[in-house]
Enquirer: 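Dropping the structure in here first, questions after.
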Amino acid sequence: MVIARLKKETPMTSFGTIKSYDSDRGRGKITSEKEGTVLRFEQSALPYKDDLPKEAERYSFEEGKDAGGNTCAVSLHRVTA
């Protein structure tokens, strides 16, 4: 009997700047520094509901999939330096 072991992927943290955020809709876009791609994100990807992102702020994020299977940004955290 052979038992297959699944390798759990470790998410890679990326960095980017907020392109836009619509607080009424709870959605935004972030531009990846590495690839220059624009990814969508939802308010649920932010750690605090009261601390909303502003345009041009730098954030770390991970790539995930939305309900439709599209690539999106998740686990956003403001980068302070």
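Numbers for residues simply follow the sequence, beginning at 1. Keep in mind that what you see is a predicted model, and the values were worked out from it rather than measured.
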Enquirer: Might you work through the side-chain contact (heavy atoms from CB on, under 4.5 Å) test for K29 and L39, ending with a clear yes or no?
Expert: CA-CA 5 Å; K29 295 179 184 178; L39 298 171; over 6 Å; no
Enquirer: Within the supplied structure, the quantity of interest is the number of heavy atoms (other residues, nucleotides, ligands) at a distance under 6.0 Å from E42 CD; does it exceed 12?
Expert: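 Atom CD in E42 is not packed in, count stays at 12 or less.
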Enquirer: Let me confirm one number: the NZ-OG distance from K19 to S32, rounded to the nearest 0.5 Å.
Expert: 12.5 Å
Enquirer: Could you give the distance from OG (S23) to NZ (K49), rounded to the nearest 0.5 Å?
Expert: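 Between S23 OG and K49 NZ, I get 14.0 Å after rounding to 0.5 Å.
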Enquirer: Please say which of H77, E62, E63 ends up in a side-chain contact (heavy atoms from CB on, under 4.5 Å) with T13.
Expert: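 Answer after filtering H77, E62, E63: E62.
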Enquirer: With rounding to the nearest 0.5 angstrom, report the CZ to OH distance, R27 to Y21.
Expert: 10.5 Å
Enquirer: Would you check if F61 and S14 make a side-chain contact, meaning some heavy-atom pair closer than 4.5 Å?
Expert: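 Side-chain contact under 4.5 Å: yes.
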Enquirer: So which atom in A45 and which in A73 form the shortest heavy-atom distance, rounded to 0.1 Å?
Expert: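 Heavy atoms of A45 and A73 come nearest at CB-O, 3.8 Å.
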Enquirer: Indicate yes or no: does D51 engage R78 in a salt bridge with an N to O separation below 4.0 Å.
Expert: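 Looking at D51 and R78, the cut-off is met.
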Enquirer: If you measure from CD1 on I30 to SG on C72, what distance do you get to the nearest 0.5 Å?
Expert: 11.5 Å
Enquirer: Hydrophobic clustering (ILVMFWY, side-chain heavy atoms < 4.5 Å, transitive) - are L52 and F41 grouped together?
Expert: yes
Enquirer: If you round to the nearest 0.5 Å, how far is OG1 of T31 from CZ of F15?
Expert: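 It comes to 15.5 Å.
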Enquirer: Please report the interatomic distance CD1(I18) to CD(E57), rounded to the nearest 0.5 Å.
Expert: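 Atom-to-atom, I18:CD1 and E57:CD are 7.0 Å apart.
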